[in-house]
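Keep in mind the model is a prediction, meaning the values are calculated, not measured.
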Amino acid sequence: MKCFKLTALLVAVAASFSCAVPWLGLTYKKATYENHLSLVVKGIHPNSGCFGAGIQAEDQIVGVQGAVLSDMSQIQNAVSKGKTGQNIKLDILRDGKKISLNVKLTDRPDDISSLTGSAIGSKIAEFKANFYQNGEKKQAKPKATLLDFWATWCGPCRKTLPVLANVYNKYASQGLEVIGISSEDLNTLNAFYNGKHKSPYPLYRDATQDMWRRYGIRAVPTLMLLDQNGYIKRVWSSAPSQALVEKLVLEVMNEAK
């Protein structure tokens, strides 16, 4: 995922599993070493196998499972085919010397924002019973979920609402979930809904702003696109066009199994 300058090495097929998935738990920048691919480590999650194996920032990964690293699929396949607790061998270049380390695969945590500095890649928290409109429409297993952090007083938010309503009406039957999330008082929200803004999708009141703080929401509207397992794929602010929303939604829905 390239939503930030560093890339988080999770596991390419993580989204296809509903249970815990193994990961290495590091961020990196692509580089080259002796005319082949290498990965310069920039961050390591403290609960990961990489941390336990002693991998350090600025180490350069140059090989995996005894083979020269030439393509990202080598690491992705090694991780995705492994199980939590198993080891994979990484060849590291440190201070001009090559060393080999056995790295134990660990379960990927739901929240990895402390590593990446971004909500992307984390798993969304469970919703509580705070749906104030259309809660009965919430889908058990959507193929994609679009979260809209919004406010009644926000002009761009009001422009976004009909866009989301159109996309929801078009794709809900195919597995799209849309949830509007606001932290305003219930009287204000219900008055807005019962006026000229009857959004067709579930609306949720985050009264304590727990979700806003957890995911660093600082502006409205902010939209989050989740995959079928609840992992955050994209985050963006400002009012989007319907064409853009549909494009991004379909990309995630088409990846679902």
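With sequence neighbours left out, the side-chain contact (heavy atoms from CB on, under 4.5 Å) criterion links Val163 to Gln242, Val245. Residues forming a side-chain contact (heavy atoms from CB on, under 4.5 Å) with Thr32 (at least two apart in sequence, or on another chain): none.
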Tell me which donor-acceptor pairs under 3.5 Å the side chains of residues 148-155 have, and how far apart each pair is, sequence neighbours excluded?
unit_1	atom_1	unit_2	atom_2	d
Thr152	OG1	Glu184	OE1	3.2
Thr152	OG1	Glu184	OE2	2.7

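Contact between Lys138 and Ile179 at its shortest, heavy atoms only, is CE-CD1, 4.1 Å. Taking every heavy atom of both residues into account, Ala67 and Gln74 meet most closely at CB-NE2, 4.0 Å. Taking each heavy atom of Ser48 and Thr106 in turn, the nearest pair found is CA-OG1, 3.7 Å.
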Inset, instruction - For side-chain contact (heavy atoms from CB on, under 4.5 Å), just list the numbers for Leu146 and Tyr171, CA-CA rounded to whole Å, side-chain angles, deciding distance to a tenth of an Å, and then say yes or no. - result: CA-CA 12 Å; Leu146 191 58; Tyr171 295 106; over 6 Å; no
Inset, instruction - Could you please spell out the steps behind the side-chain contact (heavy atoms from CB on, under 4.5 Å) verdict for Glu251 and Arg234? - result: CA-CA 11 Å; Glu251 286 177 357; Arg234 290 180 179 271; 3.9 Å; yes
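Counting heavy atoms of neighbouring residues, nucleotides and ligands inside a 6.0 Å radius, atom CD of Glu126 does not exceed 12 of them. The number of heavy-atom neighbours closer than 6.0 Å to NZ of Lys104, taken from other residues, nucleotides and ligands shown, is 12 or below. For Arg213, the CZ atom is densely surrounded, since the number of other residues' heavy atoms within 6.0 Å is greater than 12. More than 12 heavy atoms of other residues, nucleotides or ligands lie within 6.0 Å of CG in Asn254, so this atom counts as buried by the packing criterion.
To the nearest 0.5 angstrom, Leu248 atom CG is 6.5 Å from Leu225 atom CG.
Other residues sharing a hydrophobic cluster with Leu93 under the 4.5 Å side-chain heavy-atom criterion for ILVMFWY residues are Tyr33, Val62.
Residue pairs meeting the salt bridge (Lys or Arg N to Asp or Glu O under 4.0 Å) criterion with at least one member in residues 163-179, sequence neighbours excluded: Lys170-Glu246. Listed by first and then second residue, the salt bridge (Lys or Arg N to Asp or Glu O under 4.0 Å) pairs that reach into residues 52-81 are Lys42-Glu58, Asp59-Arg94, sequence neighbours excluded.
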